[in-house]
There are 2 protein chains.
Amino acid sequence: MPKDRTPTRIQQKNRAAILEAALNVFSAHGFRGSTVDQIAAEAGLSKPNLLYYFPSKEAIHTALLSGLLEVWLAPLHALNEDGDPMEEILSYIQRKLEMSRDLPRESRLFANELVQGAPRIHEALSSDLKNLVDEKTAILTRWMDQGKIACVHPYHLVFSIWALTQHYADFDVQVRAILGGEDPFEGAGPFVELLYRKLLTP
Amino acid sequence: MPKDRTPTRIQQKNRAAILEAALNVFSAHGFRGSTVDQIAAEAGLSKPNLLYYFPSKEAIHTALLSGLLEVWLAPLHALNEDGDPMEEILSYIQRKLEMSRDLPRESRLFANELVQGAPRIHEALSSDLKNLVDEKTAILTRWMDQGKIACVHPYHLVFSIWALTQHYADFDVQVRAILGGEDPFEGAGPFVELLYRKLLTP
DNA sequence: TCTTGATTTGACCATCTGGTCAAACTCACG
DNA sequence: CGTGAGTTTGACCAGATGGTCAAATCAAGA
């Protein structure tokens, strides 16, 4: 196991390669469906070598999840009370949709975890995530009280945004099977924008 | 392996128990994360006995999926061109939401399969499902052309209904972690009804 | 160059898992 | 009863899988 001191170039490179490979594998097969050999092969390392950098399969998984949670929540963090309410919300939605398009592996990694009861990130949900959502729904509620956007259940508003945008990453196969060759995001962008404009216009 | 003749009472009972147990286990852990022993224990059978009724783990899984696909698509099947457009769509949405509340295991079974690329039901998606959706979006399009509902992308309208309603079953842990003790479906029903009323009112 | 710590690996192990099989048991029916 | 088909199971197997370890290799500073 490498020391905790300043990591060498090799350590940085290999840790990064492992996390990148693990993202590919875990997001495609879930935790239980992925094997250490698979991740090692994808990272271009032997299995014992991989286990030299991370003590176990589970350690890789949690390192991935906790490392990506920040990235995943960044768009919501950026929601700014001082901006124009409708524009703030719509640009949050657009950022989430772009993340589904550009980071589908990350979306599916979390989807895999959540759909199976989030055994490994349950605590993060009810602490970090809940705090963030509480904070941002408070902003939404204030906007509603001020009549700047229509009055709807703020938590379910957030859920709906997550559901709508992440659907395109998580259930990509289904969407594409139905749309045929058409690019899903071509139509999705205008659709969700129209939807939330109509919903939130006072 | 039991004969193909008219199944005995024992066969009916055990097959049903196996599928019920498999639904519990597969929906909670995914295909790869579930073991035959787990399913057998849950069904109150020994592993060899279970494999007397189904030739393999995969056979149980496909039997489950194909058996439930019909149930899963029934609400969309029921969408009737001759009814009142807005009421037809809203009651489709309510039925889907009720299914998320009453059949969350079924929802998660499909979610698990889809998020991992639907390796076992890919063909059903691009044949049965696509045909059904094509048929029903044609109805939606006609309603839009007649000015009976607002004009939006019909495929993305369907996707949004799936995403919004199934979110409450598939990501149940997350929803509950954020809502605290509140019943998710209490607020979800009125929220989605308002959302689609605003979206689809011409 | 030499030394020392960092890195890599082949061989190995214990456990889990899907699946098999022959033998035993049960049940309906003549 | 008795019998034959239907049902159940303990014992077992082969392969996969997470993880270990001692030995080998490499890399950079003295």
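Chain identifiers are assigned alphabetically (A, B, ...) following the order of the sequence lines, protein sequences preceding nucleic acid strands; residue numbering begins at 1 within each chain.
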side-chain contact (heavy atoms from CB on, under 4.5 Å) partners for A:Lys148, two or more places apart: A:Pro85, A:Trp143, A:Gln146

Which residues share a side-chain contact (heavy atoms from CB on, under 4.5 Å) with A:Val173, sequence neighbours left out: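 Only B:Leu114, B:Ala118, B:His122 meet the side-chain contact (heavy atoms from CB on, under 4.5 Å) criterion with A:Val173.
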
Aromatic contact, B:His153 with B:Phe159 (centres under 6.0 Å): no

Salt-bridge contact B:Lys47-B:Asp37 (side-chain N to carboxylate O under 4.0 Å): yes

Protein-to-nucleotide contact annotation, 5' to 3' order, nucleotides 9-26 of chain D [B base; S sugar-phosphate only; - none; under 4.0 Å, heavy atom]: BBB-----SBBBB-----

Aromatic plane relationship, A:Phe185 with A:Tyr168 - under 30° parallel, 30 to 60° tilted, over 60° perpendicular: tilted

Atom pair CG (A:Asn24) and CD (A:Gln38), whose distance is rounded to the nearest 0.5 Å: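 Between A:Asn24 CG and A:Gln38 CD, I get 10.5 Å after rounding to 0.5 Å.
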
May I have the distance from [X] (atom [atom1]) to [N] (atom [atom2]), rounded to whole angstrom?
X       : N      : atom1 : atom2 : value
B:His61 : C:dG18 : NE2   : C1'   : 15 Å
A:Asn14 : C:dT7  : CG    : C1'   : 9 Å
B:Lys13 : D:dT7  : NZ    : P     : 11 Å

Presence of A:Gln11 side-chain N/O under 4.0 Å of C:dT7 phosphate oxygens OP1/OP2: yes

